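Right, one structure below, let's go through it.
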There are 2 protein chains.
Amino acid sequence: MAGRPLGAARRNQVGVLRRASTRTHVYTVLRRAIVSLELPPGQALSENELAARYSVSRTPVREALIRLADDGLVEVVPQLGTFVSRISVRDVVEVQFIRETLERASLPHAIKRVSAADEKRLRRLLDEQEEAELEGDLQHWFTTDESIHRSLLEIGGHPKIWPIVSSAKAHLDRVRMLTLPDPGLLHELHSQHRDIVESVIAKDRRQADQILRRHLRLAVDLLEALEAEHPDYFLLDADDA
Amino acid sequence: MAGRPLGAARRNQVGVLRRASTRTHVYTVLRRAIVSLELPPGQALSENELAARYSVSRTPVREALIRLADDGLVEVVPQLGTFVSRISVRDVVEVQFIRETLERASLPHAIKRVSAADEKRLRRLLDEQEEAELEGDLQHWFTTDESIHRSLLEIGGHPKIWPIVSSAKAHLDRVRMLTLPDPGLLHELHSQHRDIVESVIAKDRRQADQILRRHLRLAVDLLEALEAEHPDYFLLDADDA
DNA sequence: TCTGGCGCTCTACCATACCAGTATTGCGAA
DNA sequence: TTCGCAATACTGGTATGGTAGAGCGCCAGA
């Protein structure tokens, strides 16, 4: 093979971020690629190939794939291969239910506990997202989307809900990605964010809940149309895991 | 050459039937040991030592530890060690909230969808649990406990909630384990199971919800007392992750 | 006696080698 | 031409070796 491990001198090869472990880095990169559909559902992933592409060994790649498998984003079949999981309509609906249930349950607590500093932070995130929208920076838009939802959970005193919602979001965002770039949808989502935040600040429980619910359902409402449009991305209804 | 001996190829090192992957096996064993407090909070776990104890290599041990870290049951500190996580009161409360929210949200669906076959299955599980209770077989009791809760989620059409609840349950059961063996508590929990199932069958939403809620809160109600009794098992309130 | 620094040891992390299966493919026989 | 079988070229699973970093204890010096 090519060069042998040279120790610390070689450690910086992958990216600027040396802080996180290699495994986390690979996990992050792969996850982003899957959610963005850059790696389409059904795509075969080879541990060897990925290791070569990112110039790391198989070990961290493998560990990243295990985490992705736990997230349901890939399926690893022993002695056969690892594949980007196809989208299961049933799973998406259920994952959406989980997310909606948890975020809505936390919202009243956020309304009770929101502080002036929280308000400032939320409004800053909203502005940041608006900027990303105007600039057409999808990546940044999604980052702020996560920040807003995570912040609301943290304000509600339920930070541990976020990892669950985040895992759900991955599947939902993959669906949403099929409808993008639709500037109208993006704008509507951002507008809903603003309405939710303002309702929380105004301590209007009913309105906040109503908008959040509608907000979270936007992705799945178009599911059937998307399935017809991209049949190869979806799992057949008969299949179960 | 003469080729490999095909008959012997089937033989897997340990003759204990056809077990899942080593990684899963180690994960299961370790998880059970942690939840049962056989491995107490704060206990240091060494990859090398575990590998030696279970007569496997470090790789599957390491991968199992990563999964346990995702579950929040262990904490791995690079270049230092891996430790059974201490119990954080705040986390237990939050995890309890998550579990309660999801199970209660699914319950109405279970009431709508419960079939005759489901009823039979649930009652069989209840009988099985009663038997385990009478025999004092804690391990079996916990198994049926899991089956009952999982079944209710599946009947409600939300099987994907189970992994989340299961992860939450691990933390809650660890707390509960501090109160056992208390035959009175065990009996009360079983009795509540029966009441919940009967309410579901009777399609009494309000009663089912009420009992389930009380049922799920039993573990955390005693938290403060337990923390006073076993201070070394708990995390100090100041600490955050 | 106390303190500061050097080094030993143990850790998890990553790289690599080996193993046991599976799908493919190419070749020989019908 | 077509079919069956066996060698092969993959796959992921496991075992093992090497590396940097963190903690701790010993020891020299004040």
Side-chain angles (χ1 to χ4, degrees), chain A residues 1-15 17-30 42-70 74-85, chain B residues 1-16 18-30 42-70 74-85:
Chain A
M1 277 303 292
R4 63 199 118 283
L6 291 183
R10 275 292 173 94
R11 299 290 286 278
N12 274 330
Q13 52 201 355
V14 179
L17 272 185
R18 175 60 198 95
R19 194 171 301 273
S21 66
T22 308
R23 143 175 100 245
T24 303
H25 178 71
V26 172
Y27 170 81
T28 305
V29 170
L30 276 180
Q43 171 76 256
L45 301 176
S46 158
E47 292 184 358
N48 284 309
E49 184 191 322
L50 292 172
R53 173 176 337 183
Y54 299 123
S55 301
V56 298
S57 85
R58 272 185 54 210
T59 304
V61 169
R62 179 178 166 68
E63 291 167 353
L65 287 177
I66 291 174
R67 286 193 61 179
L68 289 169
D70 282 338
V74 306
E75 281 170 46
V76 14
V77 185
Q79 274 69 46
L80 215 172
T82 302
F83 308 88
V84 177
S85 65
Chain B
M1 288 266 77
R4 299 188 294 280
L6 295 179
R10 270 300 160 111
R11 176 188 39 179
N12 245 351
Q13 41 188 11
V14 189
V16 190
R18 179 172 171 67
R19 60 169 163 57
S21 69
T22 308
R23 150 173 94 248
T24 304
H25 178 69
V26 172
Y27 171 80
T28 306
V29 170
L30 276 181
Q43 171 76 255
L45 301 175
S46 154
E47 291 182 1
N48 284 311
E49 183 191 322
L50 292 173
R53 174 177 336 183
Y54 299 124
S55 300
V56 298
S57 83
R58 296 192 332 258
T59 305
V61 170
R62 176 179 167 68
E63 291 169 352
L65 288 177
I66 290 173
R67 286 194 61 179
L68 289 169
D70 282 340
V74 306
E75 279 170 49
V76 14
V77 184
Q79 273 67 46
L80 214 173
T82 302
F83 307 88
V84 177
S85 65

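Sequence lines set the chain letters: A, B, ... in the order given, protein chains first and strands last, and positions in each chain run from 1. Since the model is a prediction, treat every value here as computed from it, not as a measurement.
For A:S57, no side-chain nitrogen or oxygen approaches OP1 or OP2 of C:dC14 to under 4.0 Å. Side-chain N/O atoms of A:N48 include none lying less than 4.0 angstrom from OP1 or OP2 on D:dC10. For the OP1/OP2 pair of D:dT14 and a distance below 4.0 Å, the side-chain nitrogens and oxygens of B:T22 include at least one atom meeting the criterion. At the phosphate of C:dC13, OP1 or OP2 sits under 4.0 Å from a side-chain N or O atom of B:R62. Dashed line: the shortest gap from a side-chain N or O of B:T82 to OP1 or OP2 of C:dA12 is under 4.0 Å.
Straight-line distance from the CG atom of B:L50 to the P atom of D:dA15: 14 Å, rounded to whole Å. Atom-to-atom, CZ of A:R58 to C1' of D:dA15 comes out at 12 Å; the value is rounded to the nearest Å. Separating the CD atom of B:E49 from the C1' atom of C:dT9 is a distance of 16 Å, rounded to the nearest angstrom. Counting to the nearest Å, the P atom of C:dC10 and the CG atom of B:L45 are 17 Å from each other. Atom pair A:E47:CD and D:dG12:C1' shows a separation of 5 Å (rounding to whole Å applied). Across the protein-nucleic acid pair, A:E63 atom CD and C:dA12 atom P stand 13 Å apart, rounded to whole Å. Regarding A:R67, its CZ atom lies at a distance of 12 Å from the P atom of C:dC13, rounded to whole Å.
Using a 4.0 Å cut-off between charged nitrogen and carboxylate oxygen, A:R53 and A:E49 count as a salt-bridge pair.
Looking at B:Q79, its side chain has no donor and acceptor atom pair within 3.5 Å of the base of D:dA22. A donor-acceptor contact under 3.5 Å is not formed by the side chain of B:R23 with the base of D:dG12.
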Does A:R58 form a side chain to side chain contact (heavy atoms under 4.5 Å, CB included) with A:N48? I'd like the steps, not just the answer. CA-CA 6 Å; A:R58 272 185 54 210; A:N48 284 309; 3.0 Å; yes
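Place A:T59 and A:V76 on DNA chain D by their nearest nucleotides, and A:V76 ends up nearer the 5' end. Projected onto DNA chain C by closest heavy-atom contact, A:L80 and B:P78 fall at different nucleotides, the more 5' of which corresponds to B:P78.
Between A:Y27 and A:L68 there is a side-chain heavy-atom pair separated by less than 4.5 Å. Here the side chains of A:L50 and A:V26 are not in contact, with every heavy-atom distance at 4.5 Å or above. Contact annotation: the side chain of B:D70 approaches that of A:R67 to within less than 4.5 Å [non-hydrogen atoms, C-beta and beyond].
At a threshold of 4.0 angstrom between heavy atoms, the contacts of A:I66 with the nucleic acid are absent.
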